[in-house]
Number of protein chains: 2
Amino acid sequence: MSETDHDPASGEPADRLTEVFDLVGPLYRRAQRKVEQDAPIEGLSVGVRAVLNMLREHGSMTVPQMGRAQALSRQFVQRMINDAAARHLVESVPNPMHKRSSLIRLTEEGRAAITAVVDRERTVLRQAGGDLTDTEIATCIRVLSHLLRFLDDVDVD
Amino acid sequence: MSETDHDPASGEPADRLTEVFDLVGPLYRRAQRKVEQDAPIEGLSVGVRAVLNMLREHGSMTVPQMGRAQALSRQFVQRMINDAAARHLVESVPNPMHKRSSLIRLTEEGRAAITAVVDRERTVLRQAGGDLTDTEIATCIRVLSHLLRFLDDVDVD
DNA sequence: GCAATAATGACACCTTGGTTGTCATGAATG
DNA sequence: CATTCATGACAACCAAGGTGTCATTATTGC
């Protein structure tokens, strides 16, 4: 049928990259649905989950830092953090570096919650991994990171 | 800065897959922003772009078919198609297979629009490709497809 | 030390991708 | 022929995420 009129195997890398992005969309949507259908146990919205996860892997940071790190608007991150704080998942501690913007830190409760969620996700992903090799996954990560870095010049706020 | 100094690359493939999804989110958001900041020339929303692109690569299909193909709700696809139809980017032609549900086909105008958008995106991606090899990209596509297929059991509608 | 500037927090509002629910209708199938 | 199923249309709704604005407070430059 109307296969790619340009031979994919020999084609420009750019064509293949289009394919990558055609996959990223559905993948993102489905993952999001899976997560929010799976994680209501902790009652974490996707946004809150995201910021908690940032804190989990990066350690304490300020709100604007988190926004920049994920190319999310400062205000959005703030809202998520406020939400999380209201549930005692994070707390703000004075920041020795910046007087005005305090560091956000996971509470024990928060750490427990995000760890539980991530662990649950990992369990699912372990099945999803299937026959994928480490090398393949590493390559995938490298490609995606590369693309992400390239698109990184967007400025929010 | 955000070196992975605390994140040992040890481990289960599942851990690496978590990384993949951690990349998919930001990538999706940024790509979306790039697209909609780049494509307002044609005035295509992300949704309309998506359905047009489906028609472009797959040929004419019915609305429910498109929904199933992308795990989007029938109604959402319909809205996008209606939108596109209102702008004469698609038209419905009688379907020899199903009397009731007509085939949606790209108009010349629609084909021109989606082709222009995709081409423009390709140009950007060509730079983004950089030093990525075809093999790497192919691997990435394989991994993502695999994951997508795994998450595919979601049912909408 | 003081004025100018930039960064932060707070809050309100908006857009939009996407779902769900419902209904009428017309087709497919028993 | 009766029933079921699929489609289109439309409305209500939700959540992710952005934008605009303002007051406040640091930080910087002089």
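Chain naming here is simple, since letters A, B, ... match the order of the sequence lines and numbering starts at 1 in each.
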message: What contact category does A:Thr62 fall into here, base, sugar-phosphate, or nothing, at under 4.0 angstrom with non-hydrogen atoms?
response: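 Since no nucleic acid heavy atom lies under 4.0 Å of A:Thr62, the category is nothing.
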task: Scan A:Ser102 against the nucleic acid and name what it touches under 4.0 Å (heavy atoms): base, sugar-phosphate only, or nothing.
output: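 Counting heavy atoms under 4.0 Å across all strands, the contact made by A:Ser102 is with sugar-phosphate only.
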To the nearest Å, how far apart are [X] [atom1] and [N] [atom2]?
| X | N | atom1 | atom2 | value |
| --- | --- | --- | --- | --- |
| B:Met80 | D:dA9 | CE | P | 14 Å |
| A:Arg49 | D:dG17 | CZ | P | 11 Å |
| B:Gln65 | D:dA6 | CD | P | 13 Å |
| B:Gln78 | C:dT20 | CD | P | 17 Å |
| B:Arg79 | D:dA12 | CZ | P | 13 Å |
| A:Phe76 | D:dA16 | CZ | C1' | 5 Å |
| B:Asn95 | C:dA27 | CG | P | 12 Å |
| B:Ile81 | D:dG8 | CD1 | C1' | 13 Å |

Look at the side-chain N and O atoms of [X] and state whether any lies under 4.0 Å from the OP1 or OP2 oxygen of [N].
| X | N | answer |
| --- | --- | --- |
| A:Tyr28 | C:dG18 | no |
| B:Asn82 | D:dG8 | no |
| B:Arg68 | D:dT7 | yes |

query: Between A:Asn82 and A:Arg79, does any side-chain donor sit less than 3.5 Å from a side-chain acceptor?
result: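 No - no donor-acceptor pair under 3.5 Å links their side chains.
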field: Student check: side-chain heavy atoms of A:Val117 and A:Asn53 closer than 4.5 Å
entry: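 Counting from C-beta outward, A:Val117 and A:Asn53 never come under 4.5 Å.
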A:Leu103 and A:Ser92, any side-chain heavy atoms less than 4.5 Å apart: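 Side chain of A:Ser92 against side chain of A:Leu103, heavy atoms only: no contact under 4.5 Å found.
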- prompt: Is the number of heavy atoms from other residues, nucleotides or ligands within 6.0 Å of CZ (A:Arg105) greater than 12?
  reply: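 No, CZ of A:Arg105 has 12 or fewer neighbouring heavy atoms, counting only those of other groups under 6.0 Å.
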field: Per A:Pro64 side chain, nearest of listed nucleotides C:dG17, C:dG9, C:dT19
entry: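 From the listed options, C:dG9 comes nearest.
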message: Nearest to the side chain of B:Arg74, heavy atoms from C-beta on, is which of D:dG8, C:dT8, D:dA16?
response: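 In terms of side-chain proximity for B:Arg74, the closest of D:dG8, C:dT8, D:dA16 is D:dG8.
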- request: Please evaluate the base of C:dG21 for a donor-acceptor partner in the side chain of B:Gln75 within a cut-off of under 3.5 Å?
  value: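 Under the 3.5 Å cut-off, the side chain and the base do form a donor-acceptor pair.
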- prompt: Between the side chain of B:Thr107 and the main-chain N/O of B:His88, is any donor-acceptor distance below 3.5 Å?
  reply: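 Yes, the answer is positive, given that a donor and an acceptor are paired below the 3.5 Å cut-off.
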- prompt: When you match A:Gly25 and A:Val63 each to their closest nucleotide on DNA chain C, which lands nearer the 5' end?
  reply: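 Nearer the 5' end of the strand: A:Val63.
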